[in-house]
Amino acid sequence: MTNPAAADLIARSNRLGADPRITNYAGGNTSAKGTDVDPVTGEPIELLWVKGSGGDLGTLQEGGLAVLQLDRFRKLVDVYPGLEREDEMVEAFSYTLHGRGGAAPSIDTAMHALVDAAHVDHLHPDSGIAIATAADGERLTAEIFGGKVVWVPWRRPGFQLGLDIAEIKRANPEAIGTILGGHGITAWGDTSDEAEANSRWIIDVAEAHIAEHGKAQPFGGVRPGFEALPEAERRERAARLAPTIRGIASADKPQVGHFTDAEVVLDFLASEKAPALAELGTSCPDHFLRTKVKPLILDLPPTATVQEQIARLKELHEQYRADYTAYYEAHADESSPAIRGADPLIVLVPGVGQFSYGANKQTARVAGEFYINAINVMRGAEALSSYAPISDAEKFRIEYWALEEAKLQRLPKPKTHQGRIAFVTGAASGIGKAIATRLAKEGAVVVIADLDLAKAQAAAAELGGTDVAIGVAANVADEAGVQAAIDATLLAFGGIDLVVNNAGLSLSKPLLETTEKDWDLQHDVMAKGSFLVAKAAAAALIEQGLGGDIIYISSKNSVFAGPNNIAYSAVKADQAHQVRLLAVELGEHGVRVNGINPDGVVRGSGIFAAGWGANRAATYGVKEEDLGQYYANRTILKREVVPENVADAVYVLTGPELTRTTGLHIPVDSGVAAAFLR
């Protein structure tokens, strides 16, 4: 049973974490002190429950709390070796855990344990950080809050900051919290409700003061020509720029992207002060750890051509890498971790929007959300004063902190397809759905493209939220429809890496019964459709410069001459040769093109369910329900082929094991000697 103090803490944390004004994903931490029974002695024991390292307030559950013995933690004050060695204290936290201890304690634990209050909140609200990053934040704190909130000069999170805040509370009994210079706020209370009310009061008062006393145009006027493009135009421009920007963000390591054209972003980018403020970078550690110390901002207006913007972005990327490398070299010493990459995580395009990047979609999306928080912070600071973030030296101390490096090293090893963006046609059912499912399981983000949008979206929902998969409508026989689906992929995930041409249908008829319409339909969907998808995707793959994979789901029939199957088998042979042709053409760009030749995939197959199964069963003189076993019995292995077997082949062809393989066709047919490749 959850301790009442911990239960109150979880409920309060979830409420605070659900409000983006208060804190962002995984930002801030909260705590509660209370009494429980020591299972060893049976005596009461004072405990501290605090959000663990890396947790998220909005989704916090009991397992995400670190649980510590309060008296033991407070005795650490007696062995604290001083500011120069305070990092050593984090290891000591483990010796104060109660029982198994729950989640790992964060660096902020001292702030919660040492402050003499039953409940403590440390949060990163935009309005609070605006005061914290204002050039005269100390004066503003006194002016806005009086003695109820105390200014704390910037100090890196750690044991000493906990001691400082504890002393501030002792010396200022009327205070309910602090503004942490360059960082955020801390508030406390005797009850959970009081702590939450105090946190919200600080945030609300700061917001109201900025609204009432702030400048009408904190970012200055609008730069002529830098206004937002109309929605359709800016999203079309974003799709054209996305492959280039994805390549820029992924020069050191492949990244997944997120795009937003939110009004707050567009207004900032159109303003006079945007270039100078962007150059100053972010201040709150939670912000710049996810966005890097500053973004890359395009210095051309949206009236420039796509080609001009692409050329300039590439020039700015070179400068960004040089600047970031210089930043690292200026502050690193022999104990610093190696540089983690010099590419931007936030790219800003005036008139168009914001591109953000991360190891996966969630990380990319959250990075974008944090930069929007940073824009709000800059607006508030500029409205009352001027924005003055912490120095680059202090940013470096946190970005390349040994404790931060240890936290990164504890992350799970990435899956084989993490960071890859897959586009699968005909993926709402059957083979395509099995492929999409397998790729998502291996860490890829997936676009399920299907003629039926509702089914595509439903299939995507089964794989998880939009951070994992989306469904799009795609008539692969329509060039405009294909381009729209590829554009949707670029806007959703920033780029594209892996294309599976799976969409198909079949009409089983002998030559004399095959109509011109039958022939055209199958060739339009599979031969023309595969060509259109490959062409649209290849343009993005080439511009990204990251290589990639194109997979054709062909058929055993591409080499096997079966009866009553002229149109289907001919079009599969067309697809098979497209594999060879594109492997030769795209190889210089690092794009591998391979094919898979399945046979007799009856279970779960949309084609077989749509009448093909009945036709083939009649052709072979068996019952339709026995068709799968019929196909199995005529193979060498005598084993039925199911959609997951094809998905396995896609996984192997696009994974890390066959990186030197292109132009290959893999049979997935349990062994059909007549279809052996020669």
Side-chain angles (χ1 to χ4, degrees), residues 422 424-442 448 450 459 500-508 522 525-526 530 549 551-565 568-569 571-573 575-576 579 594-655 657-658 661 664-678:
V424 186
T425 66
S429 62
I431 291 173
K433 186 175 182 180
I435 292 168
T437 301
R438 180 64 191 272
L439 292 175
K441 178 183 176 183
E442 302 302 335
I448 292 181
D450 201 273
V500 182
N501 271 317
N502 169 74
L505 78 160
S506 184
L507 303 172
S508 175
Q522 293 181 87
V525 171
M526 290 177 283
S530 295
D549 286 281
I551 301 291
Y552 278 67
I553 307 302
S554 184
S555 170
K556 165 268 283 180
N557 286 7
S558 65
V559 293
F560 172 74
N564 302 336
N565 213 9
Y568 180 80
S569 295
V571 77
K572 285 300 179 181
Q575 284 187 307
V579 168
N594 293 291
I596 296 171
N597 291 346
D599 180 45
V601 182
V602 178
R603 278 191 282 161
S605 168
I607 287 179
F608 276 89
W612 172 257
N615 286 330
R616 300 319 289 168
T619 296
Y620 296 121
V622 299
K623 295 179 181 179
E624 186 175 358
E625 59 267 27
D626 296 332
L627 187 60
Q629 190 58 50
Y630 170 82
Y631 280 128
N633 289 340
R634 70 184 188 179
T635 68
I636 296 169
L637 298 177
K638 302 294 190 293
R639 300 182 68 185
E640 185 176 356
V641 178
V642 296
E644 288 71 22
N645 301 138
V646 183
D648 291 343
V650 172
Y651 162 70
V652 172
L653 278 172
T654 59
E657 288 84 6
L658 296 180
T661 299
L664 173 70
H665 282 277
I666 294 183
V668 182
D669 58 10
S670 286
V672 178
F676 283 175
L677 298 175
R678 295 177 176 82

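Residues: numbered from 1 along the sequence shown.
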So, does Gln522 use its side chain to make a donor-acceptor pair with the main chain of Leu507 at under 3.5 Å?
yes

Ser530 versus Gln575, side-chain donor and acceptor atoms under 3.5 Å:
yes

Just how far is it from atom OG of Ser670 to atom OH of Tyr631, taken to the nearest 0.5 Å?
13.0 Å

Mind listing the closest non-hydrogen atom pair of Ala503 and Gly426 along with its distance?
CB-N, 3.9 Å

Any donor-acceptor pair under 3.5 Å from Asn565 side chain to Gly562 backbone
no

To the closest 0.5 Å, what do you measure between CD (Glu640) and CG (Asn633)?
10.0 Å

Measure from the side-chain N and O atoms of Asn564 to the backbone N and O of Ser508, and report whether any donor-acceptor pair falls under 3.5 Å.
no

Please report the C-alpha distance between Ile553 and Val500 in whole Å, then the side-chain angles of each, then the deciding distance to 0.1 Å, and finally whether the side chain to side chain contact (heavy atoms under 4.5 Å, CB included) criterion is met.
CA-CA 7 Å; Ile553 307 302; Val500 182; 3.9 Å; yes

Between the CG atom in Leu658 and the CD1 atom in Ile666, the distance rounded to the nearest 0.5 Å is 6.5 Å

For Arg438 and Val650: C-alpha separation, side-chain torsions, deciding distance, then whether side chain to side chain contact (heavy atoms under 4.5 Å, CB included) applies.
CA-CA 9 Å; Arg438 180 64 191 272; Val650 172; over 6 Å; no

Any idea which heavy atoms bring Tyr568 and Ser506 closest together, and the distance?
CD1-OG, 3.2 Å

Indicate the atoms forming the closest heavy-atom contact of Phe676 with Ile636, along with that distance.
CZ-CD1, 3.6 Å

Report the C-alpha separation of Asn594 and His665 in whole Å, then their side-chain angles, then the decisive distance to 0.1 Å, and conclude whether the side chain to side chain contact (heavy atoms under 4.5 Å, CB included) test is met.
CA-CA 6 Å; Asn594 293 291; His665 282 277; over 6 Å; no

Near Lys623 NZ, under 6.0 Å, is it more than 12 heavy atoms from other residues, nucleotides or ligands?
no

Tell me the closest heavy-atom pair linking Ile596 and Ala649, and the distance in Å.
CD1-CB, 3.7 Å

Nearest non-hydrogen partners of Val646 and Val668, listed with the distance:
N-CG1, 4.2 Å

Residues passing the ring-ring contact (aromatic ring centres under 6.0 Å, His included) test with Tyr630, sequence neighbours excluded, are Tyr620

Asp599 pairs by salt bridge (charged side-chain N to carboxylate O under 4.0 Å, His left out) with which of Lys572, Arg639, Arg634?
Arg634

For Thr654 and Ile551: C-alpha separation, side-chain torsions, deciding distance, then whether side chain to side chain contact (heavy atoms under 4.5 Å, CB included) applies.
CA-CA 8 Å; Thr654 59; Ile551 301 291; 3.9 Å; yes

Asp669 side chain to Lys556 main-chain N or O, any donor-acceptor pair under 3.5 Å?
no

Euclidean distance, Asn597 CG relative to Ser554 OG, rounded to 0.5 Å
4.5 Å

Just by modelled atom types, is the Ala428 backbone N or O under 3.5 Å from a matching donor or acceptor in the Asp450 side chain?
yes

Heavy-atom closest pair, residues Val559 and Ala675:
CG2-O, 3.4 Å

